[in-house]
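Computed over heavy atoms, backbone and side chain alike; hydrogens, waters and symmetry mates excluded. Lettering of chains follows the sequences in order, A, B, ..., and the numbering in each one begins at 1.
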Protein chains: 2
Amino acid sequence: MARLVGRVSAPTLGRRRQRRSAEREKSIRAAALRIFRQKGFHAASMQNIADAVGLYKGSLYYYVSSKEELLVRLFEGRADQVLGEIRAITYGTGTCTEQLRAMVRAYVLGVLRNLDSVRVYLREEHVLPPAALRQVHDEQRTMRDLFEGVIGHGMRDGSFVGTDPKLAALALLGMCTWVHRWYRPKGRLTETAIADDFADRAIRMLSV
Amino acid sequence: MARLVGRVSAPTLGRRRQRRSAEREKSIRAAALRIFRQKGFHAASMQNIADAVGLYKGSLYYYVSSKEELLVRLFEGRADQVLGEIRAITYGTGTCTEQLRAMVRAYVLGVLRNLDSVRVYLREEHVLPPAALRQVHDEQRTMRDLFEGVIGHGMRDGSFVGTDPKLAALALLGMCTWVHRWYRPKGRLTETAIADDFADRAIRMLSV
DNA sequence: CCTACCGATCGGTAGG
DNA sequence: CCTACCGATCGGTAGG
């Protein structure tokens with residue numbers, strides 16, 4: 001039976017088997033993310049990941065074509081949600097101050113809710129192949145442009161102080177991104193407490 | 001002559017030879033720092049470092065006992081200067097505002113003038129053996145305590161707004177440390193321009 | 001005995 | 001998915 005199933009063409013594979021396979025793939029990615037975060041990409045071995053999911057090392061290559069691909073896939077679409085939220089805010093009707101406050105809040109929460117991927121990405125950026133690197137760099141640039149846009153608008157209409165929206169955006173995004181280094185899920189501060197505090201801080205940094 | 005020199009006891013070794021050796025060691029460390037920064041610790045090979053300094057790989061082991069030791073040594077004493085400067089500021093006579101401004105300035109300049117070590121450290125922290133890790137963590141904690149101290153003092157005497165000096169210190173240090181990710185030596189902003197701007201920004205973030 | 005290396009190879013592990 | 005491997009290269013060390 002097992003032999004026979006193995007010979008049927010891919011499109012007609014049993015549904016149950018397809019689902020099992022998809023689940024296995026997800027568990028491989030989850031293990032990879034966890035282990036890449038713990039040991040770093042190069043120090044993490046395919047054997048480590050295989051052990052974690054209970055497979056032989058060689059069998060991983062049935063699901064993924066390379067260790068590098070495993071890394072690339074971890075970031076695919078990761079930024080879309082936060083980027084979408086923040087773009088929506090800039091399309092909204094709030095004042096510059098209201099918009100920036102909401103953007104900082106969304107950004108900090110985005111970092112805190114994707115801690116492992118943020119940590120792995122910031123450490124292993126240089127391992128990404130050119131196309132994937134371009135992709136994440138574009139996302140970063142888009143994010144900065146969104147902040148720079150609102151800050152620049154506020155500087156021109158007098159809501160914010162300063163004349164260099166790019167530098168202000170870099171300062172602000174640095175403050176917010178850095179939470180990935182010190183945040184501990186069981187710490188004294190909740191995600192929303194940090195997000196709200198940083199939103200206030202951002203506005204104050206740009207006021208008067 | 002060479003034979004005779006070869007026989008004298010270590011303390012009376014030719015000065016020239018000692019100096020040459022010390023220079024070689026420095027050039028090995030410099031190459032290691034550069035290559036660790038470019039490729040990451042695990043992806044960088046001892047062969048890469050040997051190539052960079054014009055030695056055979058095996059010869060590196062005359063100067064260093066292991067690749068890990070090479071990494072550890074890169075951070076030894078690195079924080080001392082900036083930590084000393086910032087501690088001196090807190091011992092000075094300035095107001096909280098004046099002190100914090102000077103501290104932020106010194107910290108940002110410290111990051112910008114040690115770009116490679118900062119980048120390698122932040123990426124390879126997890127590779128350090130326990131004793132070295134404790135050392136750098138202590139330095140980081142000391143730095144944060146210095147900022148937290150001045151900020152807390154200012155919050156109590158009404159110079160600064162807020163009630164959580166630790167969170168304020170983390171926000172501030174994040175903003176300042178993050179410059180290592182975007183600063184480019186040939187960019188439009190000079191080191192002091194960034195340092196001065198961030199000092200203003202820090203004060204504003206804590207005012208009214 | 002020491003120094004400053006060399007050519008060759010060690011035991012293991014990498015991705016595939 | 002497993003077994004049995006590959007070409008190569010890893011960090012580190014041997015004798016001279």
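- A donor-acceptor pair shorter than 3.5 Å cannot be found between the side chains of A:Q38 and B:H126.
- Atom C1' of D:dG16 sits at a distance of 13 Å from the matching atom of C:dA4, rounded to the whole Å.
- Partners of B:F160 by ring-ring contact (aromatic ring centres under 6.0 Å, His included), not counting sequence neighbours: none found.
- Distance, A:E25 CD to D:dC1 P: 12 Å, rounded to whole Å.
- Nucleotides D:dG12 and C:dA8 have their P atoms positioned 22 Å apart, rounded to a whole Å.
- A:S45 and A:N48 are linked by a side-chain donor-acceptor pair at a separation below 3.5 angstrom, with hydrogens and angles left out of the test.
- Listed by residue number, B:L55, B:Y56, B:S59 are the residues of residues 54-61 of chain B with a heavy-atom contact under 4.0 Å to DNA chain C.
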Listing, residues 166-178 of chain B side-chain donor-acceptor contacts under 3.5 Å, not counting sequence neighbours, or none:
from	atom 1	to	atom 2	distance (Å)
B:T177	OG1	B:Y107	OH	2.6
B:T177	OG1	B:L173	O	2.6

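- Although no hydrogens or angles enter the test, the distance criterion places a donor-acceptor pair under 3.5 Å between the side chain of B:R123 and the main chain of B:F36.
- Using a 3.5 Å distance cut-off with no hydrogens or angles, the side chains of B:E124 and B:H42 do not pair a donor with an acceptor.
- Rounded to an integer number of Å, the gap from CD of B:Q47 to P of C:dA8 is 14 Å.
- Atom-to-atom, CG of B:N48 to C1' of D:dG11 comes out at 12 Å; the value is rounded to the nearest Å.
- With a cut-off of 3.5 Å on both pairing distances, the Watson-Crick and G-U wobble pairs of DNA chain D never assemble into a stem of 3 or more.
- At least one side-chain heavy atom of A:L83 sits under 4.5 Å from a side-chain heavy atom of A:L146.
- Not one side-chain nitrogen or oxygen of B:Y62 sits closer than 4.0 Å to the OP1 or OP2 atom of C:dT3.
- Residues forming a side chain to side chain donor-acceptor pair (under 3.5 Å) with A:R101 (at least two apart in sequence, or on another chain): A:D200.
- A salt bridge links B:E76 to B:R73: at least one charged side-chain nitrogen sits closer than 4.0 Å to a carboxylate oxygen.
- At a non-hydrogen distance threshold of 4.0 Å, B:A44, B:S45, B:M46 from residues 27-46 of chain B come into contact with DNA chain D.
- Between B:Y121 and B:F75, the angle of the ring planes goes over 60°, which puts this pair in the perpendicular group of the 30/60° scheme.
- Closest to the side chain of A:K67, from the set C:dC5, D:dC1, C:dG15, is C:dG15.
- Between A:L206 and B:R201, the closest side-chain pair of non-hydrogen atoms falls below 4.5 Å.
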